[in-house]
Amino acid sequence: MSRGNGHKSVLVIGGGIAGIQASLDLANMGLQVYLVEKSPSIGGRMAQLDKTFPTNDCAMCILAPKMIEASSHANIELYTYSEAEEVSGEVGNFRVKIRKRSPFVDWSKCTGCGLCEEGCPVILPNEFDQGLGKRKAIFVLFPQAVPKKYVIDKREERPCKAACKDACPAHTNVLGYIKLIAEGEFEEAYKLIRDTNPLPAVCGRICYAPCEEVCNRGQLDEPMAIRDLKRFAADHVNIEELELPTITKTGKKVAIVGSGPAGLAAANDLAIKGYGVTVFEALPEPGGMLRVGIPEYRLPKEVLRKEIGYIQKLGVEIRTGVRVGKDITLEEIRKEYGAIFIGTGAHGGMRLGVEGEDLSGVMEGISFLRVVNLRGKAEVGKRTAVIGGGNTAVDCARTAKRLGAEEVRIVYRRSRAEMPASAEEVAAVEEEGIGIELLTTPTRFFSENGRLARMECIRMKLGEPDASGRPRPIPIEGSEFTTPVDTVIAALGQVPETEFVTELGISLSPRGTIGIDPKTRATNIEGVFAGGDVVTGPAFVIDAIAAGQKAARSIDCYLKREPVAVEEEERVPEKLSEEEVADRQKRYPSQKRVKMREEPTQERVKDFREVSLAYTPEEAIEEASRCLAGLIEGCIECHECEKRCEAKALVYTMQDEHVEVDVGAIILATGLDLYDVSPLTEYGYGKIKNVITALEYERLTAASGPTFGELRRPSDEKIPENIAFIQCVGSRDFRHKTYCSAVCCMHATKEAMLAYEHHPGTKSTIFYIDMRAVGKGFQEYIARAQEEYNVTYIRSRPGKIEVTPENDNPIIWYEDTTTSETKKFETELVILCQAMIPRNEEAAKILGVSLDDCGFVEIPDKIFHPLDTARSGIFACGYAHSPRDIPDSVTQASGAAARVAEVLAGGS
Amino acid sequence: MNVPEVVEYVKGLPDIVHAERNLFTCSEEGISAIKKGIKGHNLNRVIVASCTPRTHEPLFRAACEEAGLNKYLFEFVNIRDQCSWVHMREPEKATQKAKDLIRMGVAKARLLEPLEEVETPVIPSCMVMGGGVVGMSAALNLAEQGFEVHLVEKGKGLGGTLLDLYKLFPTNEQASKLVESAIQKVAAQSKIKAYLSTRVKDVRGFIGNFEVVLDQDGKESEIKVGTIIVAIGAEELKPVHQYGYGKFPNVVTQLELEQRMKKGEFEGQNVVMINCVGARIPERTYCSRFCCMTAVKNATLIRESNPASKVWILHRDLMAYGEDFENYYRWSMEQGVRFIRYDREKPPQVIGDGTAEKVRVWHQLRGREIELPADMVVLTTPLIPRADNEEISKMLKVPLSEQGFFLEAHVKLMPLEFATEGIYICGSARWPTEIAEGVAQAYGAAAKAAIPMRRGYVKPEAITSYVNEDLCGGCGICFEMCPYSAIEIKAENGKRVAHCITALCKGCGTCGAACPSGAISMNHFTDEQILAQIAALTA
């Protein structure tokens, strides 16, 4: 189905000022206009300008009303981000196929609010700022864009499956923050992590990193060092000076019991949502197991303190030393707060259940760590044995070593393969000279003088798998032996301490954990929620964080009296197929992961210094650059924008669409491009920092530009007091473009005036061949530039630009063409007024319109039909037609509209 | 200035329901914020305090209208022109002034009244003044669109300046051939009525309904048209007493040269052309745009017809702007035309006795004076406004620029329109224009004229004056003062009273200010509204 009517419809190609003006005139004549623009917004080159000559009006002030008028005119249908692809038929009866490129955003929903853009981790050069500024992969071309709709710059498929994000319990946008690190945006990376994880510095050190296990890069060579990169990002921001989000208070209050990772995560999210949050912590310091269970050498207290400090700055009050059930009852809390979250973790140690366990010198592991972490020290003997094979056992052993124990060994009842501690931890243990006695378990402790002196152990063998799936250890009869020992630390595991919840009647599982509804995270008592180890038994930090976050969402719904939002189904981390692996290996060379350096073993065991040394920025960027997702240009489909979009406007699967319209006539108004001046090597563009082009300069002076209108030169950001313009760079030059670009003399004069307006006193010198000021008021404009704006014109031909190494000042060597003398001129900034070229090749091909030698539209009858192309019914105006300025383009556009009206009425 | 502070201040003013800050009020977001605000807060007045009504008032009014609010209930406080630009370097005072200005705007807005615009019909007929190629092009376009066209030419025939030209740039076609074909087309077009030897004697009325009195060799007739296009061209400056012009018979202007060439009367072995004669000088600062190219064209034609000839062009900047001109300029050099740049401080001298014999000029590159032999000296002079521009501008009530050319409403926004609706401008009457540009402008002016004629009606602004007949003493001062002839004096019940023809009234307020009995008020600028503004300022 096509739209439009040949007698009353017109296609205008190009949404710059000429196309807009032609469309408005036609629409006001009562004709239906289809305005097709390749970029996502109309406005064209004029939108890039700060001011326009000869009136020095603000370009946007003149253009914006026209853009809005065009977009809201009943007779104009805008097709931005679209191209005419095929044109058939003839005058009075053209059929045009328009391809609407997929913006991957449903424009009927997009409100242009910009939340998506803030989160996007992909930073690209902003073509609207001539590449001087940056934009995101999801973007609007400029703030006043019409339509103000977002577009995703998606260029190719992501080479990996982003399994990392699916594997992470908190679904941290791993590919996103790694991309930001690769781009050197370390603080942005931290902020992105923090959106889903309030403890990046913590997790960057002690997370078990399930993401790395599934990382698709691991299928090619080695998985990404995701955790280490997270730590890098966290170490490179000053958390204490990080800006705070704007929070709208709800006036409601939530209590949280326990300041471990679950409680902190819930507190963080609820505070951001505007709730007044109070955290009750039994211990004298906040942080839960992070504070008292993890040794300093793995997680420095200072790091934890800063991340908790930020949560406090969000308005969260943490009351330490308040044990719920003893100092305050749950019932009392419940009266004051709208909801309660219980995240008290699992701090109870398990007993060995052997004789002599209560002797002085036998300690329970988690209490041992708590004492060391709170007091900084504990008594250990010369010979220390740690019972158990988990991470806590390892932490106890390494801590004992650092406290001065001469001989430390780990005693574990199964074999190495069954040790729950991570392999790297076990390796570190051995590196530090700690022995591991496998298939052994203590059976009795003996004392001498009231203190532990010996331990009796028995050897074990492995039997059939038990309930945990691991082989059951079976004692070997008669294998008992005794060994001298003066400290035993029993690290057998932890259990939640949940007696205090029974006062409210909260039901417990047989294991002593709190039972919750897995969907709502609510306990059986209304308004009371729970999560973390207290629900699951001992698990990992990131699991507790995820549990706290989910509970926070649920509490938010509960307090708003809304049904709990159904959580999306967890996606299973995907692997690359064999073919995909083969393909990626072909495309991307193998690259080993960058290892973090560590403190030398001999040194580090002497104190509690942090063992791992963070990446340097170079190392981090190198490692981050391995990420498969980040190897592509444009959108990496991390779905961050989707997460933030309140209008639910993102559609990653959106396809290009085709529309057919029937029109009677067509106007070509595709405007101009800038000629690439780098082949003019004599001027040093791209090599000499302080040589820029005129349009780059324009963006630097524009209030909406990358510097918000601050004119500073590139080499040292100094405000230049002395600048020079070179005319005809690539124009009037048989090596490049033979024609005169028709705009640059006046453009340079205007830019020189702007320099003076920005910084009165600025001296501008314009090197020109002929000062072609032929328009209405132009001579007077030049005179004003000379008299009031400190502009000097030198008739000359510059041949070469050099640079003064000390101050980066360019030196222009030129021939004064009034005297034939060669002279030099030192300045602070050189602006090259580059040639402009028509941007009409593709459109002309589709329209079947011929172009002349210079690429402008060929006009068979230049005198009586100066706007008619060689193909009947197709007209041209603006720069696509021939070099011209805005006033001339606008008049031509109106003229083309009249010609259209004439042929549609049956004229010739 | 401190915008958040101003917003907070405004929020505290009486009757303000809602105040907000937008980064770009003229963007789509800003417009939708206005519409949302009207609906969401049930607003009955809207004030934008930002830039200038000159460019943006229609936009914001339209937004109000779309949201269902009469557009005259919109008030614009011009912070840009009246505050932020003029007080660029004193932000604190500017902040205070912005508060004052907005407070005044609020005081006025309180008293704003909804106004209705009265639809008036547009006669689908256009008068084109000027029968040159530009006027003919506009006339043909409108006629082909189906409108009746009255083409008024004061000369004896159509064709204008083209009749005097020899060959046309860039195709080197005979001008006479081309002009002939255009004249034939006009003659064949039944919708065009051409009036030769005719002057426009008087124009009354307003867009949609102009009453025009024509004087054809002393015979008067009246026509009614909906729109008017001015395409009366310009004339070549005759450089009397310069460079021997008028003294030596072989010193001529470019146009005179072309006339001679056309008649085949031109002979000359050595020709020296001098550009910028009477242009780009303190007395006449402007550049006439295409005369360099006229010189280049004629010089090349001489070289072509007589390869043994020597032709020099003494020029200042050579205005071969754009594509075709620059290529032609390059080609002329290949054809052997010699270019010598001269300095305005050291102009050439034409030397001779009875006839011009040589031209002496300071050669910059050689650093000395040289002498060029000259059988003929051709002076390139600018186009100047026609002598009757002033009379026509008064008759049409449209302005002229300092140089005497017609002045458009806005060089970029409305380059072919006058501030007076229904009257349009194109060609060299607006600014020296070469033929193809002039024709493109003719089409552009035709498009502008076609818009109201195709629509069939216009809605003039409702900001007009009105007379309280009880107070009016019939003195007629307003009638004298009105620059738009919008006041008529009527006799009613034996009493003379003034009456405003609202379709003609532009709302300038002159009558209201001049009225000695306080009988005239302005819609949208009533005494009460203005006094309230003053009271708000001084309170």
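Chain naming here is simple, since letters A, B, ... match the order of the sequence lines and numbering starts at 1 in each.
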*Asks:* At what distance, to the nearest 0.5 angstrom, does OG of A:S894 lie from OH of B:Y424?
*Replies:*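 The OG atom of A:S894 sits 11.0 Å away from the OH atom of B:Y424.
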
*Asks:* Would you call A:K148 and B:S27 a side-chain contact if the rule is heavy atoms closer than 4.5 Å?
*Replies:*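 Result no, sub-4.5 Å side-chain heavy-atom pair not found.
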
*Asks:* Please look at B:H410 and chain A and tell me whether the side chain, the backbone, both or neither of the residue comes under 4.5 angstrom of a heavy atom of that chain.
*Replies:* side chain

*Asks:* Flag the one option from B:R280, B:H315, B:E402 with the top tally of heavy-atom pairs under 4.5 Å to chain A.
*Replies:* B:R280

*Asks:* For chain A, find which of B:S32, B:C292, B:A320 contributes the most heavy-atom pairs closer than 4.5 angstrom.
*Replies:*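 Highest number of pairs under 4.5 Å: B:A320.
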
*Asks:* Where on A:A901 is there a heavy atom nearer than 4.5 Å to chain B: the side chain, the backbone, both, or neither?
*Replies:*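 Both parts, heavy atoms under 4.5 Å.
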
*Asks:* Chain A heavy atoms under 4.5 Å from B:I31: which part of the residue, side chain, backbone, both or neither?
*Replies:*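 Side chain only.
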
*Asks:* With a 4.5 angstrom heavy-atom cut-off, which part of A:D861 approaches chain B: side chain, backbone, both or neither?
*Replies:* neither

*Asks:* Counting only non-hydrogen atoms closer than 4.5 Å, does A:F778 touch chain B with its backbone (N, CA, C, O), its side chain (CB onward), both, or neither?
*Replies:*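 For A:F778, no heavy atom lies under 4.5 Å from chain B.
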
*Asks:* Using a 4.5 angstrom heavy-atom cutoff, name the option from A:P887, A:A742, A:A893 with the most pairs to chain B.
*Replies:*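 Looking at each option in turn, the highest pair count goes to A:P887.
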
*Asks:* Considering only heavy atoms, which portion of B:R289 lies under 4.5 Å from any heavy atom of chain A: side chain, backbone, both, or neither?
*Replies:* both

*Asks:* Go through A:G30, A:P65, A:P54, A:A783 and name the one with the most non-hydrogen pairs under 4.5 angstrom from chain B.
*Replies:*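 Counting heavy-atom pairs under 4.5 Å, the top option is A:P65.
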
*Asks:* Provide the closest heavy-atom pair for B:C26 versus A:A64 in the form atom of the first, atom of the second, distance.
*Replies:* SG-CB, 3.6 Å

*Asks:* Side chain from CB out, backbone as N, CA, C, O: work out which of these in A:E821 comes under 4.5 Å of a heavy atom of chain B, or both, or neither.
*Replies:*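 No part of A:E821 comes within 4.5 Å of chain B.
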
*Asks:* Between A:T52 and B:K412, is the side chain to side chain donor-acceptor pair (under 3.5 Å) condition met? List the steps.
*Replies:* CA-CA 9 Å; A:T52 56; B:K412 281 183 282 281; 3.1 Å; yes

*Asks:* How long is the span from the CD atom in A:E780 to the OG atom in B:S401, to the nearest 0.5 Å?
*Replies:* 9.0 Å

*Asks:* What pair of heavy atoms forms the shortest contact from B:E29 to A:P143, and how long is it?
*Replies:* OE1-O, 4.2 Å

*Asks:* Measure A:S741 against the heavy atoms of chain B and call it side chain, backbone, both or neither at under 4.5 Å.
*Replies:* neither

*Asks:* May I ask you to decide if B:E144's main-chain N or O and A:E902's side chain share a donor-acceptor pair within less than 3.5 Å?
*Replies:*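 Not confirmed, A:E902 side chain does not pair with B:E144 backbone.
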
*Asks:* Measure from the side-chain N and O atoms of B:N141 to the backbone N and O of A:A898, and report whether any donor-acceptor pair falls under 3.5 Å.
*Replies:* yes

*Asks:* Chain B heavy atoms under 4.5 Å from A:Y781: which part of the residue, side chain, backbone, both or neither?
*Replies:* neither

*Asks:* Indicate yes or no for a side-chain donor-acceptor contact from A:D25 to the backbone of B:A447 under 3.5 Å, with no hydrogens or angles considered.
*Replies:*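 Absent.
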
*Asks:* In sequence, state the C-alpha distance, the side-chain angles, and the governing distance for A:Q779 and B:T285, and then conclude on side chain to side chain donor-acceptor pair (under 3.5 Å).
*Replies:* CA-CA 7 Å; A:Q779 286 292 327; B:T285 52; over 6 Å; no

*Asks:* Which answer fits B:L23, side chain, backbone, both or neither, if we ask what part of it has an atom under 4.5 Å from a heavy atom of chain A?
*Replies:* neither

*Asks:* Given A:T55 and B:V411, is the side-chain contact (heavy atoms from CB on, under 4.5 Å) satisfied, shown in steps?
*Replies:* CA-CA 8 Å; A:T55 44; B:V411 67; 3.9 Å; yes

*Asks:* Checking heavy atoms, do the side chain of A:K66, its backbone, both or neither come under 4.5 Å from chain B?
*Replies:*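 Only the side chain of A:K66 comes within 4.5 Å of chain B.
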
*Asks:* For A:S71 and B:E28, work out which heavy atoms get closest and say how close.
*Replies:*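 Answer, listing the atom of A:S71 first, then B:E28: OG-OE2, 3.7 Å.
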
*Asks:* Measuring heavy-atom distances to chain B, does A:D852 have an atom under 4.5 Å in its side chain, in its backbone, in both, or in neither?
*Replies:*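 Answer is side chain: those atoms of A:D852 sit under 4.5 Å from chain B.
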
*Asks:* Which pair of heavy atoms, one from A:F864 and one from B:Y443, lies closest together, and at what distance?
*Replies:*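 Where A:F864 meets B:Y443 most closely, the heavy atoms are O-OH, 2.8 Å.
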
*Asks:* Run the salt-bridge test on B:E408 and A:K776 with the 4.0 Å N-O cut-off and return the result as yes or no.
*Replies:* yes

*Asks:* By a 4.5 Å heavy-atom criterion (distance strictly below it), what part of B:F24 contacts chain A: side chain, backbone, both, or neither?
*Replies:* side chain

*Asks:* Crowded around B:R344 CZ? As in, over 12 foreign heavy atoms under 6.0 Å?
*Replies:*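 Buried by this count: over 12 neighbours within 6.0 Å.
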
*Asks:* Taking atom OG1 of A:T891 and atom NZ of B:K448, what is their separation to the nearest 0.5 Å?
*Replies:* 9.5 Å

*Asks:* With chain A as the partner, which of B:T171, B:L178, B:L168 has the greatest number of non-hydrogen pairs under 4.5 Å?
*Replies:* B:L178

*Asks:* Who among A:G895, A:S704, A:S820, A:S72 has the most heavy-atom pairs with chain B under 4.5 Å?
*Replies:* A:G895

*Asks:* Determine whether A:C740 and B:E323 make a side-chain contact, defined as any pair of heavy atoms from C-beta on separated by less than 4.5 Å.
*Replies:*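 Result no, sub-4.5 Å side-chain heavy-atom pair not found.
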
*Asks:* Could you state the interatomic distance from CG (B:L318) to CG (A:D770), rounded to the nearest 0.5 Å?
*Replies:* 5.5 Å

*Asks:* Can you find a heavy atom in the side chain of B:D324 that is under 4.5 Å from one in the side chain of A:K862?
*Replies:* yes

*Asks:* Going by heavy atoms in the side chains, are A:R795 and B:R341 under 4.5 Å from each other?
*Replies:* yes

*Asks:* Under a 4.5 Å cutoff for heavy-atom pairs, which residue among A:S731, A:A905, A:C113, A:P866 has the most contacts with chain B?
*Replies:* A:P866

*Asks:* Think A:R772 forms a cation-pi with B:Y321, using NZ or CZ under 6.0 Å from the six-ring centre and within 45 degrees of its axis?
*Replies:*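 A:R772 over B:Y321 ring: no.
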
*Asks:* If every non-hydrogen atom of A:M771 is compared with every non-hydrogen atom of B:M319, which pair is closest and at what distance?
*Replies:*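 Closest approach of A:M771 to B:M319: O-CE, 3.2 Å.
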
*Asks:* Which bit of A:I62 is near chain B, if near means a heavy-atom gap under 4.5 Å: side chain, backbone, both or neither?
*Replies:* both

*Asks:* For the OG1 atom of A:T738 and the CG atom of B:N327, what is their distance to the nearest 0.5 Å?
*Replies:* 4.5 Å

*Asks:* Taking side chain as everything from C-beta outward and backbone as N, CA, C, O, which of these in B:Q145 sits under 4.5 Å from a heavy atom of chain A? Side chain, backbone, both or neither.
*Replies:* both

*Asks:* Is it the side chain or the backbone of B:Q364 that comes within 4.5 Å of chain A heavy atoms, both, or neither?
*Replies:* both

*Asks:* Identify which part of A:R732 has an atom lying under 4.5 Å from any heavy atom of chain B, answering side chain, backbone, both or neither.
*Replies:* both

*Asks:* Side chain from CB out, backbone as N, CA, C, O: work out which of these in B:R316 comes under 4.5 Å of a heavy atom of chain A, or both, or neither.
*Replies:* backbone

*Asks:* Please check this pair: side chain of A:N28 against backbone of B:I451, looking for a donor-acceptor N/O pair closer than 3.5 Å.
*Replies:* no

*Asks:* Under a 4.5 Å heavy-atom cut-off, does chain B meet the side chain of A:L31, its backbone, both or neither?
*Replies:* side chain

*Asks:* Output the option from A:V890, A:L63, A:T818 having the highest count of non-hydrogen pairs under 4.5 Å with chain B.
*Replies:*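 Between A:V890, A:L63, A:T818, the count favours A:T818.
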
*Asks:* Only pairs under 3.5 Å count here: list side-chain donor-acceptor contacts from residues 51-59 of chain B, not counting sequence neighbours, and write none if there are none.
*Replies:*
| unit_1 | atom_1 | unit_2 | atom_2 | d |
| --- | --- | --- | --- | --- |
| B:T52 | OG1 | B:R54 | N | 3.0 |
| B:H56 | NE2 | A:C61 | O | 3.4 |

*Asks:* Below 4.0 angstrom, N of the basic side chain to O of the carboxylate: do B:R80 and A:D57 qualify?
*Replies:*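 Here B:R80 does not pair with A:D57 in a salt bridge, since their nearest N and O are not under 4.0 Å apart.
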
*Asks:* Counting heavy-atom pairs under 4.5 Å to chain B, which of A:E69, A:R884, A:Q21, A:M29 comes out on top?
*Replies:*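 Highest number of heavy-atom pairs under 4.5 Å: A:M29.
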
*Asks:* So which part of B:Y329 gets closer than 4.5 Å to some heavy atom of chain A, the side chain, the backbone, both or neither?
*Replies:* side chain

